[in-house]
Each structure stands twice: as C-alpha cells, then as structure tokens.
Amino acid sequence: MSAGPPSIGEDVLGELERQGAACTGDVPALVATSKGAHPGFVDAHAHARALELALLRRAAAADRHAAWWLACAAAVVRASPLAPPQEDAELLVGRAFGELPQSAAARSPLPEGARWLVAGHAEPPATAHALELARKNAAIYVERLDAELQGRVPTLLARTGSSPTVAPVAIEVVTTYAAAATLVRASMARLGDRCAAFDPALAEVAARALAELDDAILPSLLARVEEARTALAAPAPALPIVERTSFVGAAPPTFATQSGQLAVAAPPSAAPASVEQLDAAMRAAFERAWTSRDPADRATFEAAVRARYLPETAHITDPDQQRRALDHYVTHALSQLGS
C-alpha cells in the first residue's frame, strides 16, 4: 500500500496554474478539468493538495485571479465539515497571500467541530505550543484510526462474505474513517489559520504542521480506506469472524495536557464509568444495532452514544447549547447506521 501522495511534477502544477488563470467563474468545470491533469487525482486528497500547491505558486506570482479560482476548486474538492466552500476558499487565499490577520473567519473562535484538537478550547492562545499540541494530537489520532481500520477490515470482509447485503453498510462504516480524516485536516488547517491571524510569525509553523499531515500522515489512512472500499465492493469468501471494536465515527477524542504531556482527557468524577468503559459499551451497542437493524438495538446504541459524549459536553454551561452539542454527536453517530 502506498503511504504517500502521487508525485506531482512541475508540468502538472503548471497545467493547473494555466487552468486557474483561464477560469472565468465556472468552478465545477475547473474541478473536472483539473482532475484530468493527473491520474492520481481520483484521490480527492491528492487532487486538493495539488490545487493548493498551484494556488501557492500563483500567489507567489501575485496572480490573484488564478489563485482565487484555484482556491474555490480546492474548497470544493476537499469539502470542509467546518465551513462552507466560499469561506474555506477565502481562508485559502488569505493563507497564500499572508492576509489572515485581516480575515474575520481566521480570527473568529474555532468552530465547535475543531476544538477537540486543542482540548476543547474555542479560543486557544496563538502560540507555537498550541500548534505543537494540535500537531501531535492529529498524528496520534490518525495513526490510531489507521491501525484500527487495518484490524477491522477482516471482520467486515467476513460479514460481507456471509451476507452480501451487508456490503453497503460495511462500506459506509469504512467511509467514516475518511470522514474522520477530513475533520482532522480541516481542524488543523483552521487552528493554523487562527494562530497565523493573531501572530503572523506562526504562519510558517502552521504551514509545516499542515504539510506534514497532508504528505506524511493522512495518505496511509486514506489509501487503506480506498483499499477497504474496493475489497468490500468485490465478492468476498466467507472468513472466520474475529470480533473487534469498531470506530463509530461519531466524534474524535478530546485530548488535554497533563504535566506537559499529552493525555486523553478523563471524564468528570461523577461519571458512572471510565471513558474506556463508555467507549466499549458504545461500540458493542453499535455492533448489535448494525447487525440486527432492530429498533430496540438502535435505541440502545443512541443511549450509549449519549452516555459516552455527555462528559465531552459537560463543560458547556448553557443547557440548550449543551443539548445541541450532544444531539450533534448523537445524530452523526446514528447516521452511520443508515436508515
């Protein structure tokens, strides 16, 4: 399995730059034509990465026209779960031209979905330490997902082999790993933009952290996701089923700092169980609900998700906001079961 993005040569980047310069506002057409510039661009991550590199080159040449349309295309290809494409494109251009200090979006509090990367803080300090904490959290999380998916695939193949009708559900489960990767990437980008907006000296640090995620950390997980999708879509022989816990995709973990070291944040002392126990109960409930499709098992899974993520929302003092945050986790988790 390839662990890195496809090689993007000068000729490919040059072609993307020409396409951006020639664009007159038809972003879907630019997305389609740019995808044809390299066979590796069937991978959305590699496609978006190349568009962003071409954008940086046009920004260095002070070509704001081409840079803007390349940013729009990149924002469509790499759809952010944290912002609409227009806002994401504006942040990309602000990043490329060093204009983030003038960006209201970059200077605003982190979107709720990105706060897990810095222990839940809406407005973390713009420091190299905050970026390093986020970089390590992102790497730990992605590597854990990669290892978990590697162990999960044999069980998924076994189930699709014994019951072909399960294949679409199994593929959807695998897709949650790709969604988690997208959230990690969007969270890291948004934190980097915020830090650079308040302290432009951090722009290079933020860029390096994001490049590491793009080029050295995410590609392995995304390649494994595609391999799993391909294997699950093909007829599979029956295999011995080995029970494993599965990633539900409801939300990433929350990390915190403890004596200067990274550690998973502990639940409040009033919690009836540890995070590990709540995780195990939630995953077991997911397995039952996914396999049986019984409404009662679905309800049990919903209750388990609420129990698991109640500690994550305990810091929200407003009851309505806390309820909405918890409902967001629950809705996302239940969506993994399908209709």
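Just so we're clear, the structure is a prediction, and the values are computed from it rather than from any experiment.
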Colleague: For the residue pair Asp215 and Arg49, establish whether any side-chain heavy-atom pair is separated by less than 4.5 Å.
Modeller: yes

Colleague: Show, in sequence, the C-alpha distance, side-chain angles and deciding distance for Arg144 and Glu148, and conclude whether the salt bridge (Lys or Arg N to Asp or Glu O under 4.0 Å) test is met.
Modeller: CA-CA 6 Å; Arg144 191 173 76 189; Glu148 185 175 327; 5.2 Å; no

Colleague: Say you draw a straight line from CD1 of Ile8 to CG of Leu16; how long is it, rounded to the nearest 0.5 Å?
Modeller: 8.0 Å

Colleague: Please walk me through it: do Asp146 and Ile217 pass side chain to side chain contact (heavy atoms under 4.5 Å, CB included)?
Modeller: CA-CA 10 Å; Asp146 196 2; Ile217 297 174; over 6 Å; no

Colleague: Which atoms form the tightest heavy-atom contact between Ala71 and Leu55, and what is the distance?
Modeller: CB-CD2, 4.0 Å

Colleague: Distance from Leu131 atom CG to Met188 atom CE, nearest 0.5 Å?
Modeller: 5.0 Å

Colleague: Starting from Leu100, can I reach Phe97 by hopping between I/L/V/M/F/W/Y residues whose side chains sit under 4.5 Å apart?
Modeller: no

Colleague: If you round to the nearest 0.5 Å, how far is CG of Leu56 from CG of Leu51?
Modeller: 11.0 Å

Colleague: Is any side-chain N of the basic residue among Arg64 and Glu99 closer than 4.0 Å to the acidic one's carboxylate O?
Modeller: yes

Colleague: Given side chains that start at C-beta, do those of Val184 and Trp116 come closer than 4.5 Å, heavy atoms only?
Modeller: yes

Colleague: Given the rule that I, L, V, M, F, W and Y join up when any side-chain heavy atoms are under 4.5 Å apart, are Val205 and Leu91 in one cluster?
Modeller: no

Colleague: Grab the two heavy atoms, one from Val12 and one from Ala37, that are nearest each other, plus how far apart they are.
Modeller: CG2-O, 4.0 Å

Colleague: Any side-chain donor paired with an acceptor under 3.5 Å for His121 and Arg115?
Modeller: no

Colleague: Shortest non-hydrogen contact from Pro81 to Ala186?
Modeller: CD-CB, 3.8 Å

Colleague: Taking all atoms of both residues into account, what is the closest heavy-atom pair of Gly20 and Leu30, and its distance?
Modeller: N-CD1, 4.2 Å

Colleague: Would you list the atom pairs, donor with acceptor, under 3.5 Å between side chains in residues 190-197 and any protein atom, with sequence neighbours excluded?
Modeller:
from	atom 1	to	atom 2	distance (Å)
Arg190	NH1	Glu87	OE2	3.1
Arg190	NH2	Glu87	OE2	2.9
Arg190	NH2	Ala105	O	3.3
Asp193	OD1	Arg95	NE	2.8
Asp193	OD2	Arg95	NH2	3.0
Arg194	NE	Ser108	O	3.2
Arg194	NH1	Pro124	O	3.0
Arg194	NH2	Glu123	OE1	3.4

Colleague: Quick one: do Leu213 and Tyr141 end up in the same hydrophobic cluster if we chain Ile, Leu, Val, Met, Phe, Trp and Tyr together by side-chain heavy atoms under 4.5 Å apart?
Modeller: yes

Colleague: Tyr177 ring centre to Arg224 NZ or CZ under 6.0 Å, with the angle to the axis within 45°?
Modeller: no

Colleague: Going by heavy atoms in the side chains, are Thr175 and Val225 under 4.5 Å from each other?
Modeller: no

Colleague: Can you measure from CD (Glu227) to CG (Leu222) and round to the nearest 0.5 angstrom?
Modeller: 11.5 Å

Colleague: Between the side chains of Asp63 and Arg57, is the shortest nitrogen-to-carboxylate-oxygen separation below 4.0 Å, so that they form an ion pair?
Modeller: no

Colleague: Charged N to carboxylate O below 4.0 Å: is that the case for Glu226 and Arg229?
Modeller: yes

Colleague: Does any part of the side chain of Pro85, heavy atoms only, come nearer than 4.5 Å to the side chain of Cys72, both counted from C-beta?
Modeller: no

Colleague: Who are the side-chain hydrogen bond (donor to acceptor under 3.5 Å, both in side chains) partners of Glu90, not counting sequence neighbours?
Modeller: Gln86

Colleague: Taking the side chain as everything from C-beta on, heavy atoms only, tell me whether Arg58 gets closer than 4.5 Å to His65.
Modeller: no

Colleague: Kindly compute the distance separating CZ (Arg135) from CG (Leu210), expressed to the nearest 0.5 Å.
Modeller: 12.5 Å

Colleague: Can a salt bridge be assigned to the pair Glu212 and Arg208 using a cut-off of 4.0 Å between side-chain N and carboxylate O?
Modeller: no

Colleague: Atom NZ in Lys35, atom CG in Asp43: separation rounded to 0.5 Å?
Modeller: 10.0 Å

Colleague: Could you tell me whether a side-chain N or O of Thr182 sits under 3.5 Å from a main-chain N or O of Ala178, the two making a donor and an acceptor?
Modeller: yes

Colleague: Looking at Ala170 and Leu156, what are the two nearest heavy atoms and their distance?
Modeller: CB-CD2, 4.1 Å

Colleague: Verify the distance criterion only: is there a donor paired with an acceptor across the side chains of Ser80 and Asp88 at less than 3.5 Å?
Modeller: no

Colleague: Considering all heavy atoms of both residues, which atom of Val118 and which atom of Ala134 are nearest to each other, and what is their separation?
Modeller: CG1-CB, 4.2 Å

Colleague: For residues Ser34 and Phe41, determine if any side-chain heavy atom of one lies less than 4.5 Å from a side-chain heavy atom of the other.
Modeller: no

Colleague: Give a yes or no on whether a salt bridge exists between Glu52 and Arg185, defined as a side-chain N under 4.0 angstrom from a carboxylate O.
Modeller: yes

Colleague: Tell me whether Leu145 is reachable from Leu218 by hopping between hydrophobic residues (I, L, V, M, F, W, Y) whose side-chain heavy atoms are closer than 4.5 Å.
Modeller: yes

Colleague: Side-chain heavy atoms nearer than 4.5 Å, only ILVMFWY residues, links allowed to pass through others: does that put Leu202 and Phe198 together?
Modeller: no

Colleague: Measuring only between side-chain heavy atoms, which start at C-beta, is Leu117 closer than 4.5 Å to Leu133?
Modeller: no

